[in-house]
Amino acid sequence: MYSKEIDKKWQKFWQENKINKFDINSSKPKYYSLEMFSYPSGSNLHVGHWYNYGPSDTLARFKHLQGYNLFHPMGFDSFGLPAENYAIKSGIHPNTSTNDNIKTMRAQLEEIGLMIDWDYTLETHSPEYYKWTQWIFSILYKNKLAYRAYAPVNWCTSCKTVLANEQVVDGHCERCESEVIQKKLNQWFFKITDYADELLDKIDDLDWPEKTKKIQTNWIGRSYGAEVEFKTEENINLKVFTTRPDTLYGVTYLVMAPENDLVEIFTKDEQKQVVTEYQNTAKKLTDIERTSTIREKTGVFTGSYAYNPVNNKKIPIWISDYVINSYGTGCVMAVPAHDERDFEFASKYDLEMIKVIEGGDIPYCDDGILINSMQFDNMDSKVAKEKIVEMLTKLNMGKKTKNYRLKDWLVSRQRYWGAPIPIVYCDDCGEVLVPEKDLPVLLPTHIDFKPDGESPLKRCETFINTTCPRCNKPAKRETDTLDTFVCSSWYYLRYTDPKDKEKAFDKDIVNKLLPVDTYIGGAEHATMHLIYARFITKALRDLGYLNFDEPFLRMIHQGMILGADGSKMSKSRGNTILPDDYLNEYGSDVFRLYLMFGFTYQEGGPWSDEGIKSLSRFVNRIDAIFEKIYNTKYNEKNTIDEEEKSLLHVENRTIKAVTEDLEAFSFNTAIARCMEYINELYKYEQNNQEKNVKLIKESFSRFITIFSPFAPHFSEEIWDKMGNENSIFNNCWPTYNEEYLELDSINLPIQLNGKLIGTVSASKKENESSIKEKVYQDEKLNKRLVDVEIIKVIYVPGRIYNMVIKKQ
RNA sequence: GCCCAGGUGGCGGAACAGGUAGACGCACAGGACUUAAAAUCCUGCGAGAUUCAACCCUCGUGCCGGUUCAAGUCCGGCCCCGGGCACCA
């Protein structure tokens, strides 16, 4: 009987016999199977961990059995806020708690029984790792892909740190859900926008969930249009970005964001007071208030005018908070007749509207035929867009351009538990990069953690005070640390040789082992980790450190396991499922089998105690039939008759289906096929007086091999009991035999006008007249065909025989 | 508001490329074994009508319509649920 003791027995065996060892020099084709690494939390593994790592281990073992040189590493994303917040509460140093947690977590991961070579592990908080995270920063810095800027940034009032745009959800912090406000600060950025086009264009090549690709596409948000310059009274060229240059003759005013630096220049004395008041009001609004589409639009006139480059029309310059300063030029040309927002604004302030596209009521926002546009009249919008931009280019008053929603990645954080940014500030030399030989810039260990809006490192004199690497005079260190997403943006590269002391990774080794063949992890990383990792890979490629374009060829998101009540598991609801409880009762394999069988992997769903019981039953059923077959003296025969053919048919169908289902991450149907085989085996065992024992044993042996990735401990135990010397994982994945895949005869559905009226027994290749004969010979079918006129017969061999009759 | 997924028995979920809807499992019911129960094994199990009994008799994949010999699957419109973006000019 299968139990937790069997898990332990084989986990020990695998370790002692180095069954999970990865050999970089193997001549077999590589398969890099990766799951998103975890944050080492203090509590035990939850169902989510099992659901991520269990099924993906099945895939990994399957690939190993198929003859691939499996690379399946595991590590820890160990920098980050939870450890620091815990330290603030408990006084326990993050380094202590993190190391303890990793120890616990690794022991728990080993209890799952994963095919992992723990020689290839990493912890992002160790100096051996973050030295190279700092190195990544250095090479980006040297190549102008990392820069420092004074800019408005997102500030989490509770975490007391800045956040990247990607980490702000509905105006709230992605982690703690506190309100996020705007602050102007000196911060570090990675120039991800340099890669906007490639990140977007290469999405098509990825075998990722369509949804995730769509989210990234929208996040990057490329729009094509034109930059148009409007000369102002002050003889300054005011630039705007528009996707609708075809509506240029309909521009009746310009609007700038209130915080735009140019506002001051255009504000006339008599408008100074209202403008300043408006700017102050706008500043006080939170992002949520300001970007709410329900809010009525507001704005004020600056007092200045500009001239439309195409017809010299004099138009007023307004400011309004419906314009976003960080997108485009922070100034837009307003066409109230053909834009809903401009229409709303113009209606409120009684501004002029000029219709330039033929169509329905204004605001008419679709493309159409131009009117009131001089020589462009009667032209279609699509053509006019090109022609008008051509003219602007000639006039030197505009050009074709594109804009992105994506902004540069803000990577600095005002927190302690992260990789220090390797920069020193010197009074003489300014901003100086710490040279590679001085890396890592170590995090000091004795520190006061209280968050006060500045990096806790700012209070650590021994850390701050240093000498300038360039001139050797006293200098001060950068006290911000790197976003933990920087650490996780390159870990899949470090895995390939995590003990390398000379470099972050070896070019030849990463080129050999990467890209990752399948990457499994949560869908919530679509606009964060998954976009950052792609960017870092592309940047490293361009800097000559590797030669592939994309880190993750295939991506799968696991769903979420809910509580038995159908809602998200939470302590407050009391619907939490603790894997440990079930592990003791049923063993790892049963727990893993249930997670694979009970849900669609990408969907997840509610937990069921009855459900896991059924998988325990299934495992015992396999055990029981195995014992019976191997320990009973049967009346033997050695012929292959109908019964044997039927067993072989189900077996080969199972091998084929399981192979295909695993490729498609359809674990539930794969296990269903295994159940069908066992059911068939029971039938054979019970219904036949004489048995082909040799055939059953061979068949079962192939079955247990394909079952081993799903239930590795149990299968290894059975394999051992069968008298095998080697591990079942030294086996080869069985291939199916075409001969037994097809049955001699099937029940061919017979239809009348597309409705089923019965079946006849036929072979898959039987000709039409033979089927017709069988139909008329069948009493019940024949009865239905009296007095009807068959107009047409559609016969798809092996599929359907449909007779079309005249309707009465 | 826009974009993307999804809606199938009492339940979890299957269904290749349009070709027997409901695989496999749970729950339930009946039977075998047992002194009995549990466990195990076997059988049945979408709804309805009809029937001594049985049946491929009718209906049925969120709703309405269409294409087709044939629709869970394709097309058009709508409803609901989940996710993403949200004044991006």
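What you see below is based on every heavy atom in this structure, not just the backbone, and it leaves out hydrogens, waters and symmetry mates. Below, read A as the first sequence line, B as the second, and so on, with proteins coming before strands; counting in each chain starts at 1.
- Rounded to a whole angstrom, the distance from the P atom of B:rC74 to that of B:rG6 is 10 Å.
- Phosphate contact (OP1/OP2 of B:rA23, side-chain N/O of A:N679, threshold under 4.0 Å): absent.
- One atom, CD1 of A:I800, and another, P of B:rC16, lie 15 Å apart when rounded to the nearest Å.
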Where each pair must be Watson-Crick or G-U wobble with both distances under 3.5 Å, what dot-bracket representation of RNA chain B is obtained, with crossing pairs in [ ] and other-strand partners as |? ((((.((..(((......[....))).(((((.......))))).(((........)))..(((((..]....))))))).))))....
Please set out all donor-acceptor pairs under 3.5 angstrom arising from side-chain atoms of residues 793-805 of chain A, sequence neighbours excluded.
| unit_1 | atom_1 | unit_2 | atom_2 | d |
| --- | --- | --- | --- | --- |
| A:Y795 | OH | A:E766 | O | 2.6 |
| A:N802 | OD1 | A:N753 | N | 3.4 |
| A:N802 | OD1 | A:G754 | N | 3.0 |

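- For A:R617, a side-chain nitrogen or oxygen approaches OP1 or OP2 of B:rU40 to under 4.0 Å.
- Salt bridge annotation for A:E352-A:K313: present, with a cationic side-chain nitrogen under 4.0 angstrom from a carboxylate oxygen.
- Atom name C1', nucleotides B:rA89 and B:rA5: the rounded distance is 29 Å, in whole Å.
- An OP1 or OP2 oxygen of B:rC42 is reached within less than 4.0 angstrom by a side-chain nitrogen or oxygen of A:R621.
- Nucleic acid contact for A:K211: base, since at least one base atom lies under 4.0 Å from a heavy atom of the residue.
- Heavy-atom nearest nucleotides on RNA chain B were determined for A:L752 and for A:N747, and the one closer to the 5' end corresponds to A:N747.
- Under 4.0 angstrom from either OP1 or OP2 of B:rA14 there lies no side-chain N or O belonging to A:S666.
- Within 4.0 Å of A:G758, counting heavy atoms only, lies at least one base atom of the nucleic acid.
- Counting any heavy atom pair closer than 4.0 Å across all strands shown, A:R673 reaches a base atom.
- Aromatic ring centres of A:F599 and A:Y594 lie closer together than 6.0 Å.
- Rounded to a whole angstrom, the distance from the P atom of B:rA53 to that of B:rU20 is 32 Å.
- Residue A:Q686 is classed as a sugar-phosphate contact, given heavy-atom separations below 4.0 Å to backbone atoms only.
- Residue contacts for A:V804: at a heavy-atom cut-off of 4.0 Å it reaches the sugar-phosphate backbone alone, with no base atom in range.
- Looking at heavy-atom distances under 4.0 Å, A:V323 makes contact with a base.
- When the side chain to side chain donor-acceptor pair (under 3.5 Å) test is applied to A:D623, no partner is found at least two apart in sequence or on another chain.
- Within 4.0 Å of A:Q751, counting heavy atoms only, lies at least one base atom of the nucleic acid.
- For A:R405, a side-chain nitrogen or oxygen approaches OP1 or OP2 of B:rA86 to under 4.0 Å.
- Rounded to a whole angstrom, the distance from the P atom of B:rG62 to that of B:rG7 is 7 Å.
- Dashed line: the shortest gap from a side-chain N or O of A:S223 to OP1 or OP2 of B:rA89 is under 4.0 Å.
- Across all strands, A:G604 comes closer than 4.0 Å only to sugar-phosphate atoms, never to a base (heavy-atom distances).
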Please determine whether side-chain contact (heavy atoms from CB on, under 4.5 Å) holds for the pair A:F714 and A:L593, giving the CA-CA distance in whole Å, both sets of side-chain angles, and the decisive distance to 0.1 Å. CA-CA 11 Å; A:F714 168 75; A:L593 281 167; over 6 Å; no
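- Taking the six-membered ring where the residue is Trp, the centroids of A:F591 and A:Y586 are separated by 6.0 Å or more.
- Look at A:Y327 and you'll find a side-chain N or O under 4.0 angstrom from OP1 or OP2 of B:rA89.
- A:S608 comes within 4.0 angstrom of nothing in the nucleic acid, heavy atoms only.
- For the pair A:D339 (side chain) and A:V335 (backbone), a donor-acceptor distance under 3.5 Å is absent.
- Here A:Y404 lies out of heavy-atom contact (under 4.0 Å) with every strand.
- Residues A:Y404 and A:D197 bring a donor and an acceptor atom of their side chains to less than 3.5 Å of each other.
- Residue A:I215 is in sugar-phosphate contact alone, with no base atom involved, counting any heavy-atom pair closer than 4.0 Å across all strands shown.
- Among the protein residues, A:G598 comes within range of the sugar-phosphate backbone only, with heavy atoms under 4.0 Å from sugar or phosphate atoms but none that close to a base.
- Distances shown here put a side-chain N or O of A:N668 below 4.0 Å from the OP1 or OP2 atom of B:rA14.
- Residue contacts for A:K297: at a heavy-atom cut-off of 4.0 Å it reaches a base atom on one of the strands shown.
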